[in-house]
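Structure record follows, encoded as structure tokens.
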Amino acid sequence: MLTKTSKNENRRDVHTRIRKKIQGTAERPRLNVYRSLNHIYVQVIDDLHGSTLVAASSAEGKKGERRTGGNLASAKSVGKAIAERLKEKGITKVVFDRGGYIYHGRVKALAEAAREAGLQF
């Protein structure tokens, strides 16, 4: 068991181990998830060129129109949004990078919504 001072330090160590094994390319970019207490953020990254292709989050929009990001419904909507933006760019296959988080709750809801919207990973 990892014995760091905080959960976030443990998560970063796990994420570092995951990143040693996966890499996004132009044909199959990496879909990275960041989960904060209030929001959830997703980026699709081409690691070979070091560029972010598409991004989506629950914090998007005008201040009055923002969704609450700390729930499953917003995670599902962000997953659907990222899948639609990727389809517009002609990308259907990605590598899923859960960011060191357990595949459960909001991370799982986001992934399943992206799959239902047509992404393959």
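In this structure, the separation between CD1 on Ile45 and CD on Gln23 is 11.5 Å, given to the nearest 0.5 Å. The CD atom of Glu27 sits 9.5 Å away from the CD1 atom of Ile91 when rounded to the nearest 0.5 Å. Summarising the geometry, atom CZ belonging to Arg115 is positioned 10.5 Å from atom CG belonging to Leu110; distances are rounded to the nearest 0.5 Å. In this structure, OG1 in Thr16 is found 12.0 Å from NZ in Lys21, a value given to the nearest 0.5 Å. Residue Glu9 holds its CD atom at 11.0 Å from CZ of Arg11, rounded to the nearest 0.5 Å.
Looking at Pro29 and Val94, their side chains come closer than 4.5 Å, going by heavy atoms from C-beta outward. Under the 4.5 Å side-chain criterion, counting only non-hydrogen atoms from C-beta, Arg30 is not in contact with Val44.
The minimum heavy-atom distance linking Ile82 with Val42 is given by the pair CG1-CG1, 3.9 Å. Of all heavy-atom pairs spanning Val107 and Ile102, the tightest one is CB-O, 4.0 Å. Shortest non-hydrogen contact noted between Phe121 and Ala114 is CE2-CB, 4.1 Å. The heavy-atom pair separating Ala113 from Lys80 by the smallest distance is CB-N, 4.1 Å. Nearest approach of Arg106 to Ser36, heavy atoms of both residues: NH2-O, 2.9 Å.
Taking the six-membered ring where the residue is Trp, Tyr34 and Tyr41 present tilted rings, their angle falling between 30° and 60°.
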Go through Leu53 and Arg85 one step at a time and tell me if the side-chain contact (heavy atoms from CB on, under 4.5 Å) criterion holds.
CA-CA 10 Å; Leu53 305 174; Arg85 292 176 188 179; over 6 Å; no
List the steps, then state whether side-chain contact (heavy atoms from CB on, under 4.5 Å) holds for Glu116 with Lys76.
CA-CA 10 Å; Glu116 288 174 9; Lys76 289 178 184 177; over 6 Å; no
Mind running side-chain contact (heavy atoms from CB on, under 4.5 Å) on Leu119 and Leu31 for me, showing each step along the way?
CA-CA 10 Å; Leu119 278 186; Leu31 188 140; 3.9 Å; yes
Decide yes or no on side-chain contact (heavy atoms from CB on, under 4.5 Å) for Val33 and Tyr103, but give the supporting numbers first.
CA-CA 11 Å; Val33 177; Tyr103 187 78; over 6 Å; no
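No donor-acceptor distance shorter than 3.5 angstrom exists from the side chain of Asp97 to the backbone of Asn32, with no hydrogens or angles considered. Put simply, the side chain of Glu60 gets close to the backbone of Ser57: a donor and an acceptor are under 3.5 Å apart. In this structure, the side chain of Arg19 engages the main chain of Ile22 through a donor-acceptor pair within 3.5 Å. The backbone N or O of Ile40 sits less than 3.5 Å from a side-chain atom of Ser58, completing a donor-acceptor pair. Tyr101 places a side-chain N or O within 3.5 Å of a backbone atom of Arg35 that can act as its donor or acceptor partner.
Both Ile18 and Val95 are members of a single hydrophobic cluster when ILVMFWY side chains are connected at heavy-atom separations under 4.5 Å. Transitive grouping of hydrophobic side chains (ILVMFWY, heavy atoms separated by less than 4.5 Å) keeps Phe96 and Leu72 in distinct clusters.
Under the side-chain hydrogen bond (donor to acceptor under 3.5 Å, both in side chains) criterion, Thr92 pairs with no residue, sequence neighbours left out.
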